[in-house]
Amino acid sequence: MSEKLVIKDLAKSFSVNGGKLEVLKGINLTIADGEFVAIVGHSGCGKSTLLKIIAGLETQDTGICDMDGQAITQPGFDRGMIFQEHRLLPWLTIEKNVALSLNSHSKADCAARVDKYLSMVKLNDFKTAYPSQLSGGMSQRAAIARAMAPSPDVLLLDEPFGALDAMTKIELQDEVKELRKKEKSTMVMVTHDIEEAVYLADRVIVMAANPGRIRDIVTISLGEERDRGSADFTVYRKKIYDYFFESKVQEPEYVI
Ligand SMILES: Nc1ncnc2c1ncn2[C@@H]1O[C@H](COP(=O)(O)OP(=O)(O)OP(=O)(O)O)[C@@H](O)[C@H]1O
Ligand SMILES: [Mg+2]
């Protein structure tokens, strides 16, 4: 498989209270075209910052973040992003929310895409509903349709199911799996849920904090159909759980 995203020696810091907070340091990661990578790590270790750099919403201080051999400098429709909260515009219907990401498409193509992606996430009966009329899971489905409608090469998911109940979460994990099969997009998902990471990912990136860095990368060799109750699944879950808690949270270091 060819390389889709290449991150090399990447570092990022923020100015906080007159001091410098090193958030990411020495990040090296290559993600193949069509790969599903999950990123886990303690709160504050820089996962969202890394995703935002790939999205073009933040810029690294040093190092490389390339997509298809080109430096990422700004957001683009070749990368879709889904956040923990759906971020749908409350004054627009679901179909209009999805159509927002399709400005550059012809009217007919836009309508066809809205239909296609809303039916993929099982919301075709709610096209004319407003976000306030949807449940949490349905709103997140709409957010998935909006992100996928322009057929992005890369889908970035920042704890997309973190606020959902356990059953809805499992359903949506299967829908994302299905979507990936159909669309063949590269997917990078930040999650706090180790089971979710093992269920979905080809590789799980375990990050450590202060500064945020890659602690370990675990390749999940479980094939396409995964059984959460199988012995192999449990071994992976335990391995990542142990890494996760080895990299204990320390107080952030401020360099004045
Ligand atoms: N724009 C900003 N200005 C200053 N500090 C920031 C900014 N964005 C993030 N940070 C800091 O960078 C660190 C990493 O934040 P980030 O949101 O990437 O963490 P995270 O791993 O996604 O955490 P969580 O799991 O809680 O979402 C935190 O200490 C945060 O306070
Ligand atoms: Mg975050």
Side-chain angles (χ1 to χ4, degrees), residues 5 7-29 31 36-65 67 72-75 79-87 136 139-140 143-144 147 154-164 166 169 172-173 176 187-201 203-218 237 240-256:
L5 294 164
I7 300 170
K8 269 194 204 148
D9 297 327
L10 182 140
K12 173 75 180 169
S13 58
F14 288 112
S15 296
V16 179
N17 294 333
K20 188 175 151 198
L21 175 65
E22 275 193 310
V23 174
L24 295 169
K25 195 175 180 183
I27 305 289
N28 286 291
L29 179 63
I31 299 176
F36 195 123
V37 162
I39 302 177
V40 299
H42 290 284
S43 179
C45 74
K47 304 178 298 293
S48 294
T49 304
L50 182 59
L51 225 53
K52 284 181 193 160
I53 292 172
I54 300 172
L57 297 168
E58 288 280 3
T59 315
Q60 68 271 29
D61 299 338
T62 55
I64 287 171
C65 184
M67 179 166 156
I72 292 170
T73 55
Q74 57 184 17
R79 280 149 291 143
M81 188 140 179
I82 299 171
F83 301 89
Q84 184 169 359
E85 66 296 350
H86 56 74
R87 301 195 184 188
S139 302
Q140 232 17 10
I144 294 172
V154 175
L155 187 65
L156 305 165
L157 308 105
D158 196 354
E159 297 188 53
F161 310 140
L164 302 178
K169 196 183 207 185
L172 282 180
Q173 287 167 358
V176 162
M187 295 197 177
V188 186
M189 177 192 263
V190 168
T191 178
H192 276 120
D193 182 337
I194 295 172
E195 181 177 304
E196 179 169 271
V198 176
Y199 187 67
L200 291 172
R203 284 188 300 158
V204 179
I205 316 297
V206 185
M207 287 184 65
N210 302 314
R213 58 203 183 276
I214 294 176
R215 159 78 177 77
D216 228 301
I217 297 181
V218 181
R237 203 174 50 193
I240 294 164
Y241 182 92
D242 288 346
Y243 281 151
F244 198 86
F245 286 100
E246 261 174 37
S247 54
K248 292 194 184 75
V249 191
Q250 298 143 16
E251 284 305 307
E253 278 175 33
Y254 293 90
V255 185
I256 310 281

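Counting starts at 1 for both ligands and their atoms, following the listed order. Just so it is clear, the values below take in all heavy atoms, side chains as well, and ignore hydrogens, waters and symmetry mates. Sequence positions, counted from 1, serve as the residue numbers for this chain.
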[X] N/O under 3.5 Å from ligand 1 N/O:
X     : answer
Gly44 : yes
Ser15 : no
Gly46 : yes
Cys45 : yes

The option among Ile53, Thr49, Leu50 carrying the non-hydrogen atom nearest to atom 18 (O) of ligand 1 is Thr49
From the list Ile214, Ile7, Val190, side chain to side chain contact (heavy atoms under 4.5 Å, CB included) with Leu50 holds only for Ile7
So the protein N/O/S atoms within less than 2.8 Å of the Mg ion (ligand 2) come down to Ser48 OG
Ligand-side contact atoms (ligand 1) for residue partner [X], heavy atom cut-off under 4.0 Å:
X      : answer
Val23  : 12 (O), 13 (C), 14 (C)
Glu159 : 25 (O), 27 (O)
His192 : 25 (O)

Sorted by chain and residue number, the salt bridge (Lys or Arg N to Asp or Glu O under 4.0 Å) partners of Asp158 (sequence neighbours excluded) come out as none
Short version for Met207: what comes under 4.0 Å of ligand 1, heavy atoms counted, is neither
Short version for Val190: what comes under 4.0 Å of ligand 1, heavy atoms counted, is neither
Would you find more than 12 non-hydrogen atoms of other residues, nucleotides or ligands less than 6.0 Å from Phe83 atom CZ? yes
How long is the straight-line distance from [atom2] of [Y] back to [atom1] of [X], given to the nearest 0.5 Å?
X      : Y      : atom1 : atom2 : value
Ile194 : Arg237 : CD1   : CZ    : 9.0 Å
Ile144 : His86  : CD1   : NE2   : 12.5 Å
Gln140 : Glu85  : CD    : CD    : 8.0 Å
Arg215 : Ile240 : CZ    : CD1   : 12.0 Å
Ile217 : Met207 : CD1   : CE    : 10.5 Å
Leu157 : Leu51  : CG    : CG    : 7.5 Å

Check your understanding: Quick one: are Ile82 and Leu156 in side-chain contact, heavy atoms under 4.5 Å?
Key -> no
With distance as the sole test, does Lys47 use its side chain to make a donor-acceptor pair with the main-chain N or O of Met189 at under 3.5 Å? no
